[in-house]
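Shown next, in structure tokens, is the structure this report addresses.
Letters A, B, ... mirror the listed sequences (proteins, then strands); counts begin at 1.
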Amino acid sequence: MYDLYRSVDNDLGLFLIRGTGPVKAAASTSYLCAKYVSYGKDILINIGCAAGRPEDAGKIFLCGSVYDCLSGHVYYPDNICRSDMASTNLTSVGATLDTLPSSGFFEDMGENSLYDMEGAAIFETAAPFLGTGRLFFLKAVSDSGSDGLSVTPDSVSDLIEKNTATIMGFIDSLKNYPLKDNGPDISKLAEDFSAEIHASETMKHKVRQLFTYLNLTGMDLMRYVQSLHSEGLLPAKDRNAGKKILERMYNELL
Amino acid sequence: MNSSDVLIPSFSKVYVEEAIAESPETIAILSKLPEAKIIKIRHYKDVFNRKYQDPRIQKLSKQLILASQTGNMIFPGAPVCQSFGEEHFYYASLVMGCLFSCDYCFLQGMYPTANVVVFVNIEDYFREIDLLLEKNPVYLCISYDTDLLALEHLTGYVKRFMDFAAKRPDLTVEVRTKASVSGFFNTNNPSDNVVFAFTLSPLSVASAYEHGAGSLDARLSSIKAAIDNGFPVRLCFDPMLYVPGWRDAYRDLCDTVRASIPMEKLRDVSIGTFRISQDFLKSIRKQHPDSAIIQYPFENRDGYYSYSAFRNREMVGFILSEIKKDLPEGKIFLWE
């Protein structure tokens, strides 16, 4: 249904959104995120073209805000990575430029803004999957809206190709972007232990928190649990016996 | 390669509410950040309260928001706050968010972001305080939702408050800090009714869990500068944090403090163990899955998490016995 290419080392995926408009953009972004994105690890870069000032034709920008003309919302990607690209605002219009509203905040942004049809839809769709810190919008200026230039697949390809070095430099710099660390995984050990003490849901929660803490202090939990086995305390004969073991751990280890 | 190679420095972007873009305070703050990129916004909540933010990444590169506070400015002190026996105890939220990133800080549970909002309409705060002063004396903490002294080079707010308080004897202001700010005390005049409260933690805690804050040595130098220049100083062993070997760590801390500053010149000392509302703890734990200090299996009592009653008594009792060697009990406030 959609085209996805991957780099040889699997670090980089290229996902093609064909066609124009927010509906296609939202649908394909939703597909991409639901199927492939890992929260806290992946980054989404929306690379595309936009209308802008004639003097900026061919130039590529990193967008610091994305204004959705349809809803009136302004979305702000964190954009805290270093970049040599100039920064600007992006305004996403529902259809064509003649549908723009003529008053309010939008008007104030307008002079410095680029215009596309997809950015806001992509932000709104992708933000729950990636977070505001892992979304980037790179837009190359293809035309000025009313300058009579036709935007064709070939002209867009040329435009992106012309900016390939800048785009790849940006992507390279993101390879060292901080990852979300979910911390050590003690869930299997905690689950097994909970089963052995016939834990209730409340006890399971206590075990999970206790094990998380003890693991972070550097304690060898596996060895401790083994020692409880050696003492003949595990598996506990019933929940009451299990409660006593947990109580003993709280007293001994905290 | 570390994060500073990849990320822009903190405060290199400033989001400015359109309505206050031309205010003198905004212009003064921006003049101190000449390299910053300015982004106009409608309302600070459009940036500060955005959904799907990741404060763990934002902490590595905090950005600034300048705004006008149009809602509540002065709040009654929260139940978990030490009131120092003051009947009319309030706090003001001039800044939301902190330059520092302490693993255990409640602000991480309170705000969805690591970015910092400075409210530039400080004169409105002064008007609110004057209205309160018409009703009763006011004890006001101005550095609860931030570390105001750490931002003094940008805002000058502490100095403004000192000037304001100097003409209002019924107002007592507390400025809590973990900053290294000796210079401030060497270049300003003290006011009897502006108290500087320094939070102190053992070296091992400060270096592992109080990211960006002044080192223990730097804080002690600041305290000494404050005392030498006649500023009222409070020491806060609050929150006390449980770490393996906590007794030795807090004994060493007390010994270091004794050796560094004239204890008899302290206004008072505050002691309390770590406590936090249950909603905040949940959020903070998500942000610090690898921080033992916040993953400790606390006990929940009436919606607040803290250590067991036994552990609380043990820790408070220990440091109390240490502090009583230097200060009379009347100068020691306990949160229990």
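Across all non-hydrogen atoms, the minimal contact from B:Pro297 to A:Leu210 is CG-CD1, 3.9 Å. Nearest heavy atoms, A:Tyr76 versus B:Asp46: CD1-O, 3.7 Å.
Enclosure of atom NZ in A:Lys244 is not indicated, since only 12 or fewer non-hydrogen atoms of other residues, nucleotides or ligands lie within 6.0 angstrom. Within a 6.0 Å sphere centred on NZ of B:Lys59, other residues, nucleotides and ligands contribute more than 12 heavy atoms. Within a 6.0 Å sphere centred on CD of B:Glu35, other residues, nucleotides and ligands contribute 12 heavy atoms or fewer. For A:His73, the NE2 atom sits in a loose shell: 12 or fewer heavy atoms of surrounding residues, nucleotides or ligands are nearer than 6.0 Å. The number of heavy atoms from other shown groups lying within 6.0 Å of NZ (B:Lys45) does not exceed 12.
With rounding to the nearest 0.5 angstrom, the CD1 atom of A:Ile80 is 8.5 Å from the CG atom of B:Asp54. Note that OH of B:Tyr296 is 14.0 Å distant from OG1 of A:Thr212, once rounded to the nearest 0.5 Å.
For the pair B:Gln295 (side chain) and A:Gln209 (backbone), a donor-acceptor distance under 3.5 Å is absent. Of the possible donor and acceptor atoms, one in the side chain of A:Arg82 sits under 3.5 Å from a partner among the backbone N and O of B:Leu7.
Using a 4.5 Å cut-off between heavy atoms, B:Ser291 contacts chain A through its backbone alone, with no side-chain atom that close. Of the two parts of B:Lys13, only the side chain, counted from C-beta on, holds a non-hydrogen atom closer than 4.5 Å to a non-hydrogen atom of chain A. Using a 4.5 Å cut-off between heavy atoms, B:Gln58 contacts chain A through both its backbone and its side chain. For B:Phe310, no part lies under 4.5 angstrom from a heavy atom of chain A. At a 4.5 Å heavy-atom cutoff, the contact between A:Ser87 and chain B is made by backbone and side-chain atoms alike.
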*Apply side chain to side chain contact (heavy atoms under 4.5 Å, CB included) to A:Asn79 and B:Gln63, showing your working.*
CA-CA 10 Å; A:Asn79 278 7; B:Gln63 303 307 326; over 6 Å; no
Side-chain polar contacts of residues 213-223 of chain A - donor-acceptor pairs under 3.5 angstrom, sequence neighbours left out - could you list them?
unit_1: A:Thr217; atom_1: OG1; unit_2: A:Leu214; atom_2: O; d: 2.6
unit_1: A:Asp220; atom_1: OD1; unit_2: A:Met222; atom_2: N; d: 3.4
unit_1: A:Asp220; atom_1: OD1; unit_2: A:Arg223; atom_2: N; d: 3.2

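Along residues 122-133 of chain A, the residues that come nearer than 4.5 angstrom to chain B, judged on non-hydrogen atoms, are A:Ala127, A:Pro128, A:Gly131, A:Thr132 in order of number. Within residues 247-254 of chain A, the residues having any heavy atom less than 4.5 Å from a heavy atom of chain B are, in residue-number order, A:Tyr250, A:Leu254.
Applying the ring pair (Phe, Tyr, Trp, His ring centres under 6.0 Å) test to B:Phe106 and every residue at least two apart in sequence or in another chain returns nothing.
The side-chain heavy atoms of A:Asn89 and B:Lys40, taken from C-beta on, include no pair separated by under 4.5 Å.
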